[in-house]
Amino acid sequence: MPELPEVETIVRGLKEKLPGQKIRQVKVNLDKVLRENKEEFASLLTGLVFQGVSRRGKMIIFDLSEDWSLVVHLKMTGQIIYTRPEAPVNKHTHLVFDLAKGNQLRYADLRQFGYLILLKTDQVTGLPQLAGLGPDALEISSQEFGKLIASRKGAIKPLLLNQSFLAGLGNIYSDEVLHLAQIHPLQPAGSLTSAQIERLYKAIRQVLTRAIKLKGSSVSNYVDSDGERGSFQELHQVYGREGKPCFQCGQPVKRLKLSSRSTCFCPSCQKLKALDRQE
DNA sequence: TTTCTTGTTAGAAC
DNA sequence: CGTTCTAACAAGAA
Ligand SMILES: [Zn+2]
């Protein structure tokens, strides 16, 4: 599931390889991942040169020559892989870019939820999918975070998943962050004490930074731009661990359903009524 | 066969 | 209008 750490890992990998490379040919196997028809998409891109690669939240932005940009969302199962052309082709490969140096950039997506948008560079920031994003989870300041949290009434877990509030966290990292911060997923955001908000802010940075170091979490089919799995899943404290003992206290991890998403947490480490009274 | 999983969004409810 | 919530989407695993 590409969330911020996985997307960041992919972007860092591609930054080393793509800039300066010309697109020699584009093959489209499934045009439903595109906005325009496949012929138009291929002809617009052919001959362009990759320049920068960046991300905002979970969105990837490729900047190309002639003021074109390609914005990509991988949703749950999307992959972008830079590879030798003779490497075996994933069954769900929907796009193949042949690059001037002989390598290929391949886009694959098992569930076909991801998409690409080709547009002029000056249109990128106005794109609703980008303009609607809140501050990036790794860029927001502690002060701004505290201000945003305080004005919200809903439960903290669904709020962390809301990309227009904060961009980058998904189901895995929201659960992991709340466990590290020792905050119950149902606790109303506006009821968090300043000490809890501080812990939450630090937990977000710590969990995401550590996950990026380990190249993300491979819980389903996630691989980075080299086709390599991440290893942060081995350090998950609660996600996917229902019924197993909490590594901190030994109590079994519980799961509940929150806005039709599963949420794993430790009822002992993450109490609903703040145990840390006044500090 | 049915249920579950995921991120985002349209649309409804408040 | 802002916020919050639900259903829908696809395809494979259990
Ligand atoms: Zn615990």
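No hydrogens, no waters, no symmetry mates; every other heavy atom, side chains included, goes into these values. A note on names: the letters A, B, ... follow the listed sequences, proteins ahead of strands, and every chain is numbered from 1.
The local environment of NZ in K75(A) is crowded, with over 12 non-hydrogen atoms from other residues, nucleotides or ligands closer than 6.0 Å. Within a 6.0 Å sphere centred on NZ of K157(A), other residues, nucleotides and ligands contribute more than 12 heavy atoms. Other residues, nucleotides and ligands place no more than 12 heavy atoms under 6.0 Å from the NZ atom of K91(A).
Near DNA chain B, meaning a heavy atom under 4.0 Å away, the residues from residues 165-180 of chain A are G170(A), N171(A). Only at 4.0 angstrom or more do the heavy atoms of residues 223-233 of chain A sit from any atom of DNA chain C, so none qualifies. Scanning residues 152-163 of chain A for heavy-atom distances under 4.0 Å to DNA chain C yields R152(A), K153(A), G154(A).
If you take CZ of R261(A) and P of dA8(C), they are 13 Å apart, rounded to a whole angstrom. A straight line from CD of Q79(A) to P of dG7(B) spans 16 Å, rounded to a whole angstrom. For the pair K75(A) NZ and dA8(C) P, the interatomic distance rounds to 16 Å; values are reported in whole Å. Rounded to whole Å, atom C1' of dT9(B) lies 15 Å from atom CG of L130(A). Atom pair L148(A):CG and dT3(C):C1' shows a separation of 14 Å (rounding to whole Å applied).
For H73(A) and dG7(B), the shortest distance from a side-chain N or O to OP1 or OP2 is not below 4.0 Å.
Annotation: side chain of C249(A) is in contact with side chain of C266(A) (closest heavy-atom distance under 4.5 Å).
Using a 4.0 Å cut-off between charged nitrogen and carboxylate oxygen, D224(A) and R229(A) do not count as a salt-bridge pair. Note on D226(A) versus K17(A): salt bridge recorded, some NZ/NE/NH1/NH2 to OD/OE distance being below 4.0 Å. Ionic pairing of E16(A) and R12(A) is not present here: no N-O contact between side-chain nitrogen and carboxylate oxygen is shorter than 4.0 angstrom.
Listed by chain and residue number, nothing satisfies the side chain to side chain donor-acceptor pair (under 3.5 Å) test with Q251(A) (two or more places apart in sequence, or in another chain). Residues passing the side chain to side chain contact (heavy atoms under 4.5 Å, CB included) test with Q163(A) are K58(A), L133(A), A167(A), sequence neighbours excluded.
Counting only heavy atoms from C-beta on, Y239(A) has its side chain closest to dT6(B) among dT9(B), dC4(B), dT6(B).
Side-chain atoms of Q21(A) and Y82(A) include a donor-acceptor pair closer than 3.5 Å.
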I'd like a list of close polar pairs between nucleotides 10-14 of chain C and the protein, N/O only, cut-off under 3.5 Å.
| unit_1 | atom_1 | unit_2 | atom_2 | d |
| --- | --- | --- | --- | --- |
| dA10(C) | O4' | R111(A) | O | 3.4 |
| dA11(C) | OP1 | Q112(A) | OE1 | 3.1 |
| dA11(C) | OP1 | Q112(A) | NE2 | 2.8 |

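Between F41(A) and F97(A), the ring planes are perpendicular. Angles over 60° get that label, and only those under 30° would be called parallel.
Contact annotation for S262(A): backbone-only contact, meaning every heavy-atom pair under 4.0 Å involves sugar-phosphate atoms and none involves a base.
Each of L133(A) and R255(A) was assigned the nucleotide of DNA chain B with the nearest heavy atom; the assignment lying further toward the 5' end belongs to R255(A).
Ring centroid separation for the pair F265(A) and H184(A) comes in under the 6.0 Å cut-off.
No donor-acceptor pair closer than 3.5 Å links the side chain of R199(A) to the backbone N or O of I183(A).
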Any chance you could lay out the side-chain hydrogen bond (donor to acceptor under 3.5 Å, both in side chains) test for R210(A) and Q206(A), step after step, and finish with the verdict? CA-CA 6 Å; R210(A) 284 180 182 171; Q206(A) 189 164 113; 3.1 Å; yes
